[in-house]
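Below you'll find the structure, written out as structure tokens, and then a few comments.
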2 protein chains.
Amino acid sequence: MRSKDYGKVELVYEAGLELISREGIAGLTMKGLAARSGVATGTLYIYFRSKEELFHRMYLYYRNRSLDRFMQGYDPVEPFRIGLKKVFVNYLTHRIEHHSESIFLEQYYRSPYITEEQNALAEAMKHPVYEVIKRGKREMLIKNDIDDEMLFLAMIGFVRELADEHVTKQYKMTPERIEKAFQLAWDMIKM
Amino acid sequence: MRSKDYGKVELVYEAGLELISREGIAGLTMKGLAARSGVATGTLYIYFRSKEELFHRMYLYYRNRSLDRFMQGYDPVEPFRIGLKKVFVNYLTHRIEHHSESIFLEQYYRSPYITEEQNALAEAMKHPVYEVIKRGKREMLIKNDIDDEMLFLAMIGFVRELADEHVTKQYKMTPERIEKAFQLAWDMIKM
DNA sequence: TTGTAAAATGAATTTATGTTCATTTATTTT
DNA sequence: AAAATAAATGAACATAAATTCATTTTACAA
């Protein structure tokens with residue numbers, strides 16, 4: 001007897017990302033997805049109960065992958081500023097190299113498919129970064145009178161815009177610009 | 001003979017915003033839109049040639065409204081910092097009070113409906129703010145070695161996150177927080 | 001090598017959504 | 001107040017998308 005080829009699932013996810021980043025979540029059809037990923041429409045229903053389940057599992061898959069990348073290489077032994085910069089650059093790089101992933105996660109977030117619990121799960125993505133901010137305060141390096149959330153939003157919002165501009169416009173993030181961007185962010189939050 | 005009731009068009013737009021902010025652009029159907037705005041489906045086709053034209057005109061309508069609000073009350077006679085703060089607060093207030101408008105514009109931007117020229121038009125929204133930034137540089141008040149675009153993205157990204165957090169989460173923008181947020185932004189860009 | 005069970009297929013079916021149209025209703029003009 | 005005209009209606013129709021299923025193909029076990 002023949003066994004399922006679970007590698008197909010990832011092929012489907014990747015095709016989904018491509019289509020969604022081009023046309024938005026509204027533009028994804030099962031037929032289009034099948035064509036793009038090189039399987040028959042019927043095959044999609046062997047691996048996924050429905051379009052809804054497909055989106056649901058795709059969301060979990062990419063959310064976890066994103067999460068893993070943010071803190072990559074962060075080492076609490078290194079000086080705070082070095083560590084913060086690593087997280088800053090990680091997030092920027094992530095959003096540039098996996099832009100369609102970010103687009104999908106954000107579109108899904110405001111789609112008819114999102115559920116309550118997934119909403120809560122998304123919050124978990126922030127925790128590790130919050131820990132870094134708390135450390136900066138403990139070491140008296142960043143502003144103590146501003147709450148963690150606001151510091152977080154200031155950094156994240158900036159990086160988000162930079163990455164989106166890099167991918168969709170002519171504004172490109174060279175190493176020099178990354179350096180300057182982090183310097184700006186640092187000037188903002190430092191004591 | 002009976003005349004068209006153009007007030008209906010705005011009712012339809014508003015119903016559209018509501019549905020889109022709840023379910024995303026993917027979730028908007030002509031039937032649902034008709035029900036929500038209190039007209040018959042057929043009536044929609046008296047005012048709009050098609051769903052595509054509806055989205056198209058709705059986009060132009062809200063883009064212009066947004067545009068008008070950003071520079072409201074800005075007076076080049078006042079000191080630079082005062083003017084910048086006004087723009088900062090305008091954008092924050094706009095995104096909070098007209099959140100579903102912002103959601104729509106961003107979702108439309110990445111939907112199958114967007115056209116090339118609309119893409120270009122969206123860029124125009126930035127120009128007045130760029131002028132403010134240039135003025136700050138001329139007056140030697142903000143960093144001269146950072147390009148206008150980066151300064152713009154840093155401010156806009158921050159405000160965007162604050163507003164979204166205010167609307168969708170428990171984090172609320174009180175007057176004190178607005179004050180602190182602008183101080184953060186100012187520390188970032190000042191000479 | 002061959003039988004078998006499940007995967008894979010894509011045309012057929014069902015379901016949902018966009019659009020049209022014959023009919024009714026409201027407003028204006030004479 | 002009656003006629004004329006266009007708006008408004010919503011059921012009917014056309015189209016497109018999701019899902020199913022009879023059939024074929026493939027990988028593994030005997």
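The sequence lines fix the lettering, A, B, ..., with proteins before strands; numbering per chain opens at 1.
Within a 6.0 Å radius of CE in B:Met191, other residues, nucleotides and ligands contribute more than 12 heavy atoms.
B:Lys137 contributes a side-chain N or O that, together with a main-chain N or O of B:Ile146, makes up a donor-acceptor pair within less than 3.5 Å.
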Contact string for nucleotides 9-22 of chain D, one letter per nucleotide 5' to 3', B = base within protein heavy-atom range under 4.0 Å, S = sugar-phosphate only, - = neither, reads BBB-----SSBB--

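Backbone-only contact: A:Tyr47 has heavy atoms under 4.0 Å from sugar-phosphate atoms and none from a base.
If you look at A:His56 and A:Tyr113, their ring centroids are not closer than 6.0 Å. Taking the six-membered ring for Trp and the full ring otherwise, A:Phe158 and B:Phe158 have centroids separated by 6.0 Å or more.
Here A:Asn119 pairs with A:Tyr109 under the side-chain hydrogen bond (donor to acceptor under 3.5 Å, both in side chains) rule; sequence neighbours left out.
Aromatic ring orientation, A:Phe80 versus A:Trp186: tilted (interplanar angle from 30° to 60°).
Proximity of A:Glu106 to A:Arg160: side-chain heavy atoms (C-beta onward) are separated by under 4.5 Å at one or more points.
One side chain, B:Gln183 or B:Asp187, offers a donor N or O that lies under 3.5 Å from an acceptor on the other.
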Taking N or O atoms only and anything under 3.5 Å, show me the protein contacts with nucleotides 24-27 of chain D, one pair per line.
{"from": "D:dT26", "atom 1": "O4'", "to": "A:Arg2", "atom 2": "NH1", "distance (Å)": "3.1"}

